[in-house]
Amino acid sequence: MAKKKHYWLMKSEPDAYSIDDLERDGREPWNGIRNYQARNFLRDDMKEGDLAFFYHSNAKPPGIVGVMKIDSGPEPDRLAFDENSAYFDPKSDPEDPRWIQRQVRFVAKLPEMVTLEEMKRDENLEGMLVTRRGQRLSIQPVDANHFRYLCKRGGLKTIPS
DNA sequence: GCCAACGTTGGC
DNA sequence: GCCAACGTTGGC
């Protein structure tokens, strides 16, 4: 039997990079993550082929807007080595990179976004991390049943696999 | 713009 | 190792 898929939620501010940008680009490095818990998910727990929600944070309204696929293994985040980057980190050694990225590939845009407010109100999503007050982790695991439910809720006819 | 909820840094 | 000060995230 094939290894069980994991599901994720990944946040981006649409002013910086939106679902429309990913639809246009097709495949992009997901980089600039500078939080250890999120880094560990990127490095250790994500598998190539996993599916993830694209979440618009700091948006009006915030919420889930699309689905993407993890399309690479863990790679060093080279922005950490670039002095001119906002994500430069002098403590990241190119011989032993501290920060990790993944390639992600566009899968689908949700016909209807599912807002954070809707998710908080929805009893089917009880316990989902993103609805927890004060949490701010930019990469989060999502339960498989929550993933399927949210795909339908967002108007997808078929659940991506 | 405010501020709650963190995470990080650095003095001790 | 403690913890105060500071910085960031991100909803509101």
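Order of the sequence lines fixes the chain letters, A, B, ..., with proteins taken first and strands second; residue numbering starts at 1 for each chain. Hydrogens, waters and symmetry mates are skipped; everything else that's a heavy atom, side chains included, is used.
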message: Going by side chain to side chain donor-acceptor pair (under 3.5 Å), name the pairs with one or both residues in residues 54-77 of chain A, residues two or more places apart or in two chains.
response: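 Sorted result for residues 54-77 of chain A: A:Glu13-A:Asn58, A:Arg27-A:Asp71, A:Arg34-A:Asp77, A:Asp71-A:Arg105, A:Glu75-A:Gln101, A:Glu75-A:Gln103.
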message: Going by salt bridge (Lys or Arg N to Asp or Glu O under 4.0 Å), name the pairs with one or both residues in residues 143-156 of chain A, residues two or more places apart or in two chains.
response: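 Salt bridge (Lys or Arg N to Asp or Glu O under 4.0 Å) check on residues 143-156 of chain A returns A:Asp122-A:Arg153.
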field: Sequence neighbours excluded - salt bridge (Lys or Arg N to Asp or Glu O under 4.0 Å) pairs with any residue from residues 83-94 of chain A
entry: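 Counting only pairs at least two positions apart or across chains, no salt bridge (Lys or Arg N to Asp or Glu O under 4.0 Å) contact touches residues 83-94 of chain A.
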message: Can you work out whether A:Lys91 or A:Asn58 has the more 5'-proximal nearest nucleotide on DNA chain B?
response: A:Asn58
task: With a 4.0 angstrom cut-off to heavy atoms of chain A, pull out the first and last contacting nucleotide of DNA chain B, in 5'-to-3' order.
output: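 With heavy atoms of chain A under 4.0 Å away, the range is B:dA4 to B:dT9.
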- request: Quick one: label A:Lys120 by what it contacts on the DNA or RNA (base, sugar-phosphate, nothing), any heavy atom closer than 4.0 Å.
  value: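 Touches sugar-phosphate only.
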message: So A:Arg34, base contact, sugar-phosphate only, or nothing? Heavy-atom distance under 4.0 Å.
response: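 Touches nothing.
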- prompt: How would you list, by chain and number, every residue that makes a side-chain hydrogen bond (donor to acceptor under 3.5 Å, both in side chains) with A:Trp30, sequence neighbours excluded?
  reply: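 Result, side-chain hydrogen bond (donor to acceptor under 3.5 Å, both in side chains) vs A:Trp30: none returned.
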field: Set of residues satisfying salt bridge (charged side-chain N to carboxylate O under 4.0 Å, His left out) with respect to A:Asp25, sequence neighbours excluded
entry: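 Partners of A:Asp25 by the salt bridge (charged side-chain N to carboxylate O under 4.0 Å, His left out) criterion come out as none, since no residue qualifies.
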